[in-house]
Structures are given as structure tokens and as C-alpha cells.
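Encoded as C-alpha cells, the structure appears first; notes follow it.
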Amino acid sequence: MKLPREFYTRPDVLAVARDLLGQVLVVRARDGRRVSGTIVETEAYRGPEDRASHAYGGRRTARTETMYARGGTAYVYLVYGLHHQFNVVTNVADVPHAILVRAVAPREGIALMRRRRGPRPDRDLASGPGKLCRALGIDLRLDAADLLGDRVWLEPGERTPARAEIVTGPRVGIDYAGAWARRPWRFRMVARGLVARG
DNA sequence: TATAAGATTTACT
DNA sequence: GTAAATCTTATAT
């Protein structure tokens with residue numbers, strides 16, 4: 001079962017970013033097998049007013065065009081010329097809201113992830129936005145893919161985190177955005193009973 | 001046309 | 001801790 005269109009088209013991108021925690025990101029590998037991970041960290045981007053967003057000021061380029069698609073679309077782009085970033089587009093068409101998936105916990109297809117990522121602790125296989133794309137096999141070919149299609153999609157997780165298990169904080173790597181960078185639009189799921197860190 | 005910097009990761013000192 | 005890798009976009013010649 002996939003998350004329905006209505007999950008993504010909701011108007012509050014912060015609520016969707018929070019609700020993505022605990023859900024499962026699934027990618028169909030070339031041989032048809034499933035590779036998946038549980039989402040544990042997200043960041044909301046609320047263009048056009050959000051100075052940290054690629055769509056700040058209503059900017060529309062070949063790269064950002066995907067952000068203007070309807071909710072439930074994948075937005076994949078390259079940073080620093082070599083790392084892919086996977087985002088979930090939210091809201092209705094022409095409203096460029098998106099959520100960067102910053103980390104997942106490996107779930108299915110772990111052997112394939114290890115092969116793709118090389119020798120390292122399993123804990124580090126997908127513990128960053130560029131790492132998870134490498135581990136799951138996400139690249140520019142998945143840009144603009146429909147999240148209700150059969151190449152990449154989201155499924156409900158077994159358990160959604162309780163409020164006390166969600167830590168919010170400032171977004172990462174966007175110091176140029178001034179005050180917008182300090183907004184607590186980053187959401188992280190922590191293990192129950194652990195003390196939160198920034 | 002040229003230059004700078006970015007929603008990052010890795011290797012090396 | 002610092003540097004290198006190297007594509008896209010914005011801004012300045």
C-alpha cells in the first residue's frame with residue numbers, strides 16, 4: 001500500500017515533513033527487487049518565500065521546474081556536482097513546496113546497499129542526503145517521478161513516532177539564508193528514551 | 001564568457 | 001580540522 005495523493009497535497013509542508021518520519025521510502029531496483037529504508041530525518045522548504053529554497057522568489061529553471069509539480073512527485077537534483085538529493089514535492093501544482101529526505105534507516109535490500117556504498121558500518125549506509133541516494137540507487141532519472149507510480153514510492157511505516165520522539169532543529173548547510181536558516185524546519189526521529197541533541 | 005558558491009561526502013593530515 | 005571532487009545557477013564583466 002502506498003501513501004495516497006492526499007498525504008502530499010496538504011497545504012502545510014511542515015506537517016507533511018513531520019509526518020514523513022517513520023514512513024518507508026521504497027525504490028525498485030533494476031532486477032525488480034525492493035530497496036527501502038525508514039525515514040528518520042527530513043527538512044521542509046517553503047518556496048517562494050523561503051530564502052533557503054531553490055524556488056525562492058518564484059524562481060523557475062530547468063532544475064527547479066519539478067518543484068512546481070503537484071504533491072506526490074519526486075524532486076531529485078545534484079549538489080556540488082556529485083551528490084544526488086531526494087525530495088518529496090508537496091501541496092498542489094504551481095506551489096513549490098518540497099521536503100528533503102536527509103536520512104533513512106536501511107530496511108530491505110541491505111546487501112545491495114552495502115555493495116553500492118562500499119565497506120562501512122551499516123549505520124552509515126544511508127545516514128545523509130547524498131548517502132541515502134547512493135544506497136537506494138536514486139539519481140536524476142527519478143527526477144519528476146510520480147510517487148504513486150512503480151519506480152519510487154512511500155509506504156506507511158509500522159509505527160509513527162510519538163511527539164516526544166521527534167526533535168526539531170535548524171536546517172543544515174544553508175547559512176546563506178540568514179534568518180530563514182534558523183527556522184526549526186528540520187525534523188529528526190530519535191529512539192525512545194534518548195536525550196535529544198540539536 | 002568568467003567566476004563563485006552551493007540543501008555534501010570522503011580522504012587525508 | 002581541511003581539502004578536493006565537479007554540475008547548476010546567479011551575477012558580474
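Throughout, protein chains are lettered first and strands after them, A, B, ... in sequence-line order, and every chain is numbered starting at 1. Here the structure is a predicted model, which means the values were calculated and not measured.
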Subject >> A:Tyr8-A:Glu6 side chain donor-acceptor pair, cut-off 3.5 Å >> reply: no
Original post:
To the nearest 0.5 Å, how far apart are CZ in A:Arg186 and CZ in A:Arg188?
Top reply: 5.5 Å
Original post:
Out of curiosity, A:Leu20 CG to A:Thr38 OG1, how far, rounded to the nearest 0.5 Å?
Top reply: 12.5 Å
Subject >> Distance, nearest 0.5 Å, that separates CZ of A:Arg5 from CG of A:Asp146 >> reply: 4.5 Å
**OP:** May I ask you to say what A:Arg60 touches in the nucleic acid, namely base, sugar-phosphate or nothing, with a heavy-atom cut-off under 4.0 Å?
**Re:** nothing
**OP:** For A:Arg120, answer base if it contacts any base atom (sugar-phosphate contacts may also be present), sugar-phosphate if it contacts only those atoms, and nothing otherwise; contact means non-hydrogen atoms under 4.0 Å.
**Re:** sugar-phosphate
Subject >> A:Arg102 side-chain N/O to B:dT8 phosphate OP1/OP2 under 4.0 Å >> reply: yes
Original post:
So, the side chain of A:Arg114 versus the backbone of A:Asp122: is there a donor-acceptor pair under 3.5 Å, distance only?
Top reply: no
Original post:
Taking a pair as Watson-Crick (N1 to N3 plus N6-O4 or O6-N4) or G-U wobble (N1-O2 and O6-N3), both under 3.5 Å, which stems of 3 or more consecutive pairs involve DNA chain B?
Top reply: B:1-6 with C:7-12, B:8-12 with C:1-5
Subject >> Check: A:Val13 main-chain N/O paired with A:Arg46 side-chain donor or acceptor under 3.5 Å >> reply: no
**OP:** Give a yes or no answer on whether the side chain of A:Glu165 reaches the backbone of A:Ala162 with a donor-acceptor pair at less than 3.5 Å.
**Re:** yes
Original post:
So how far is it from A:Leu132 CG to A:His84 NE2, rounded to the nearest 0.5 Å?
Top reply: 12.0 Å
Original post:
Rounding to a whole Å, what distance do you find between A:His54:NE2 and B:dA5:P?
Top reply: 16 Å
Original post:
In the hydrophobic cluster built from side-chain contacts under 4.5 Å, what are the other members alongside A:Tyr80?
Top reply: A:Met67, A:Tyr68, A:Tyr75, A:Tyr77, A:Val79, A:Leu82, A:Val89
Original post:
Within less than 4.0 Å of OP1 or OP2 of B:dT8, is there a side-chain N or O belonging to A:Arg134?
Top reply: no
Subject >> Annotated protein contacts, base or backbone, on nucleotides 2-9 of chain C with a non-hydrogen cut-off under 4.0 Å, one of B, S, - each >> reply: ---BBBSS
Subject >> Distance, rounded to the nearest Å, where A:Ile138 contributes CD1 and B:dT9 contributes P >> reply: 13 Å
Original post:
Across the strands shown, which category fits A:Gln85 at heavy-atom distances under 4.0 angstrom: base, sugar-phosphate, nothing?
Top reply: sugar-phosphate
**OP:** Measure from OH on A:Tyr77 to C1' on C:dA10 and round the result to the nearest Å.
**Re:** 16 Å
